[in-house]
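Each remark here refers to the structure printed beneath this line.
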Amino acid sequence: MSFQAYLDAVETKTGLTPRQLLDLATERGFGPGTKATPIVEWLKEDYDLGRGHAMAMVHVITKGPQISDKHVNSGGTHSDPKDHLWLDGKDSKPEGY
């Protein structure tokens, strides 16, 4: 599953876009420097997200939408076509994500 696919699944499960969850996380004081555990616990408690999907959001909350180019067009299981993630909803996602 690609990184972007994780975020799309988070949206399906929560009904919120990754950007909306990012905004809620910021309101709670989560951001760069926040450890993963409190974010994962919040996402589990409020949205019943499992660890893998929560960790995708941890990355976005703590590091932003830029991802390592390690898996960009790698052809592997976790391959993504771009080095940045679309946060504004799977229904508005441009072609190529």
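If you read the sequence from its start, that first residue is 1, and numbering goes on from there.
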Side chain proximity check, Leu16 to Leu24, heavy atoms < 4.5 angstrom: yes

Test of ring centre spacing under 6.0 Å for Tyr47 and His53: no

Does Ser2 reach the side chain of Asp80, with side-chain heavy atoms less than 4.5 Å apart? yes

Please lay out, stage by stage, how Asp23 and Arg28 fare under the test salt bridge (Lys or Arg N to Asp or Glu O under 4.0 Å). CA-CA 9 Å; Asp23 291 343; Arg28 288 178 161 266; over 6 Å; no

Is there a side-chain contact between Thr34 and Ile61, using heavy atoms and a 4.5 Å cut-off? no

Closer than 4.0 angstrom, basic N to acidic O: yes or no for Asp48 and Lys44? yes

Flag side-chain contact, heavy atom, 4.5 Å: Met55 against Val40: yes

My understanding is that only one of His71, His78, His59 makes a ring pair (Phe, Tyr, Trp, His ring centres under 6.0 Å) with Phe3; could you say which? His59

Give a yes or no on whether the backbone of Gly33 and the side-chain of Thr62 come within a donor-acceptor separation of less than 3.5 Å. no

Minimum side-chain heavy-atom gap Thr17-Leu87 below 4.5 Å: no

Of Arg19, Gln20, Lys93, which meets side-chain hydrogen bond (donor to acceptor under 3.5 Å, both in side chains) against Asp88? Arg19

Is any side-chain heavy atom of Val10 closer than 4.5 Å to a side-chain heavy atom of Pro18? no

Does any part of the side chain of Thr77, heavy atoms only, come nearer than 4.5 Å to the side chain of Met1, both counted from C-beta? no

I'd like to know whether Ile67 forms a side-chain contact (heavy atoms from CB on, under 4.5 Å) with His84, so could you lay out the CA-CA distance, the side-chain angles of the two residues, the decisive distance to 0.1 Å, and finally the verdict. CA-CA 6 Å; Ile67 60 173; His84 55 281; 6.0 Å; no

Treat each ILVMFWY residue as a node, draw an edge where side-chain heavy atoms are under 4.5 Å apart, and state whether Leu21 and Tyr6 are in one component. no

In this structure, NZ of Lys70 is separated from OG of Ser79 (nearest 0.5 Å) by 12.5 Å

Keeping Gln4 on the side-chain end and Trp86 on the backbone end, is there a donor-acceptor pair under 3.5 Å? yes

With a 4.0 Å cut-off on N to O distance, would you call Lys13 and Asp8 a salt bridge? no

Quick test of your reading: applying ring-ring contact (aromatic ring centres under 6.0 Å, His included), list the pairs with at least one residue in residues 14-37, sequence neighbours left out, ordered by first then second residue. Phe30-Trp42

Just so I know, are the side chains of Leu7 and Met57 near enough to count as touching, which here means a heavy-atom distance under 4.5 Å? yes

Can you measure from OG1 (Thr26) to CG (Leu22) and round to the nearest 0.5 angstrom? 4.5 Å

